There are 2 protein chains.
Amino acid sequence: MSDAPLTDRGSAPADRSASSAAFSPLYQQIKGLLLQSLDRGEWKPGESIPSELELAARFQVSQGTVRKAIDELASENLLLRRQGKGTFVATHHEAKVRFRFLRLAPDDGKQSVSGSRILDCRRVKAPADISTLLELRSGEAVVNMRRLLTFDQTATILDDIWLPGAVFRGLTAESLGRYRGPLYGLFESEYGVSMVRAEEKIKAVSASDDQARLLQVAPGSALLQVERVSYTYGDRPMEVRRGLYVTERFHYRNSLN
Amino acid sequence: MSDAPLTDRGSAPADRSASSAAFSPLYQQIKGLLLQSLDRGEWKPGESIPSELELAARFQVSQGTVRKAIDELASENLLLRRQGKGTFVATHHEAKVRFRFLRLAPDDGKQSVSGSRILDCRRVKAPADISTLLELRSGEAVVNMRRLLTFDQTATILDDIWLPGAVFRGLTAESLGRYRGPLYGLFESEYGVSMVRAEEKIKAVSASDDQARLLQVAPGSALLQVERVSYTYGDRPMEVRRGLYVTERFHYRNSLN
DNA sequence: CAGTGGTCTAGACCACGTG
DNA sequence: ACGTGGTCTAGACCACTGC
């Protein structure tokens, strides 16, 4: 604990009582630095981050302060603590985590086999509503893909997905067709985009003729419409997804606390 | 701080290394004791609980341990910390909290005036599905009420609510009619039931003729169907609520973390 | 000013996972 | 046996609230 250069700290331990005017606790500053490292890709999804003692040394604070910063990141599901092993960066490549964002569950509780069929994937100029949601300049390029998800051979979800074109270069129907696994896992590994949080708006709508045909239900059937905006580190929107769910034998589950 | 009887602690500070076999950290035990006090009504909704130092003395542990127990209860929204003032028992009598359980929001973001009309309220023998969800013996008495919620004079939510009859004695259409405010606030003040958590299952359905008439939409319109089971302390189910939402100008909002 | 919760530290010890 | 995160303590000091 000598006078090592505080490469990761803006201020020395002394001037901590800035009083009034935007007071920010130390552990929040540490949390910010950890977030920067995550965003920068210093530690990749699935990897472990340095131990609490190492981080404490690096940031010149006590272990307890680092711990509190990590606690918050863990409670936001950005990090995962495993006693005896270390702290790991959350990843969408895990069976357990696949249902963190997919809230549709079978009414009878039985697990089912899922399948995905890409309907199309094109690069287009962003429509006004999409560019607003993705915080892009109007007319900027986006990737638009549509896919059909099935459970036990039954068409259940029709997704219409929009991604910023500048980030998702080289994403084509073909590359998607080759890939097996959760889409957010692909985004992580191939494009360095970690989805960290999402907001959903849900409505009930009637199926159009096209939608009814694809989902193999009667035209005019009631469908669940889910509009999702997903965010990566720093609350940067990275995906707009409009899903239509057939809720005949499935339901959207939610917990209120 | 002498050798007061440890009325609230099963074990002395010494035997804390029971090792293996159901090891439970001290702060979890403290959390359990706090939950018991809340359940027992020792501190009522809206009131403050004893200070951390008082509780530490009572339970014969350090302030830090009490703090960690309270931290968890606060993160579950059972308690509310207010710096400089104290820690308070959460209550549904607060404008802020009214939207903790109501997830329906207007598409245009504008606040609207809400109204409630009780359609009927009867005591009946519980149907099989309800008694299962409420963990009652089959045929036990329940209160069944239906109501219509409006926003800006527009019918929007049709609720069908089931409550255990043994707990909600004296709940009638008349007493409900007199009451102004959130239903969960009434449950708190009049029946000592604090709703703490809820699980929802959401589907899209088509409006029946009766439902369509009450909600003033076309028969067959798509509606959001929300089935909620609400729990009080100790995960005891205390309400089943089946709601039908008109999502023409409103949406169900949800955050995924 | 006193009392409350909030932050930060330093150190001891425990539980877990891996050699 | 060692290193990791998890618990618990004791004490100092800070920020907010209300008298």
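Labels below follow one simple rule: chain letters A, B, ... track the order of the sequence lines, proteins then strands, and each chain is numbered from 1. All figures in this text were calculated on a predicted structure; none of them were measured in a lab.
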Hey, is the side chain of [X] poking within less than 4.0 Å of OP1 or OP2 on [N], counting only N and O atoms?
| X | N | answer |
| --- | --- | --- |
| A/T65 | C/dT9 | yes |
| A/R67 | D/dG5 | no |
| A/S48 | D/dT4 | no |
| B/K68 | D/dC8 | no |
| A/S62 | C/dA10 | no |

Atom-to-atom span, [atom1] of [X] to [atom2] of [N] - whole angstrom:
| X | N | atom1 | atom2 | result |
| --- | --- | --- | --- | --- |
| A/E72 | D/dG5 | CD | C1' | 18 Å |
| A/F88 | D/dG5 | CZ | C1' | 11 Å |
| A/Y27 | C/dG5 | OH | C1' | 12 Å |
| B/Q63 | D/dA10 | CD | P | 11 Å |
| B/E54 | C/dG5 | CD | P | 9 Å |
| A/I70 | D/dG5 | CD1 | P | 7 Å |
| B/L53 | D/dT9 | CG | P | 13 Å |
| A/Q28 | C/dC8 | CD | C1' | 14 Å |

Give the C-alpha distance, both sets of side-chain angles, the deciding distance and a yes or no for side-chain contact (heavy atoms from CB on, under 4.5 Å) between A/Y252 and A/T247. CA-CA 8 Å; A/Y252 183 104; A/T247 55; 5.9 Å; no
Would you classify A/T87 as touching base, sugar-phosphate or nothing, given that sugar-phosphate means primed atoms plus P, OP1 and OP2, and contacts are heavy atoms under 4.0 Å?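 Sugar-phosphate contact only - A/T87 comes under 4.0 Å of backbone atoms but never of a base.
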Residues of residues 73-85 of chain B with any non-hydrogen atom less than 4.0 angstrom from an atom of DNA chain D: list those, numerically ordered, please.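 DNA chain D contact set from residues 73-85 of chain B: B/Q83, B/G84, B/K85.
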Mind listing the closest non-hydrogen atom pair of A/G46 and A/F88 along with its distance?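 Taking A/G46 first and A/F88 second, the nearest heavy atoms are O-CD2, 3.6 Å.
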Please name the pair of heavy atoms, one in A/M238 and one in A/L163, separated by the smallest distance, quoted to 0.1 Å. O-CD2, 3.5 Å
Under the salt bridge (Lys or Arg N to Asp or Glu O under 4.0 Å) test, which residues partner B/E199, sequence neighbours left out?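 B/R197.
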Which one, C/dG5, D/dT9, C/dT7, comes nearest to the side chain of A/P25?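 The closest nucleotide is C/dT7.
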Below 30° counts as parallel, above 60° as perpendicular, anything between as tilted: where do the rings of B/F168 and B/F187 land? perpendicular
pair A/I49-A/E54: side-chain heavy atoms closer than 4.5 Å: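 No, too far: nothing below the 4.5 Å cut-off.
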Do A/S230 and A/Y184 have a side chain donor and acceptor closer than 3.5 Å? yes
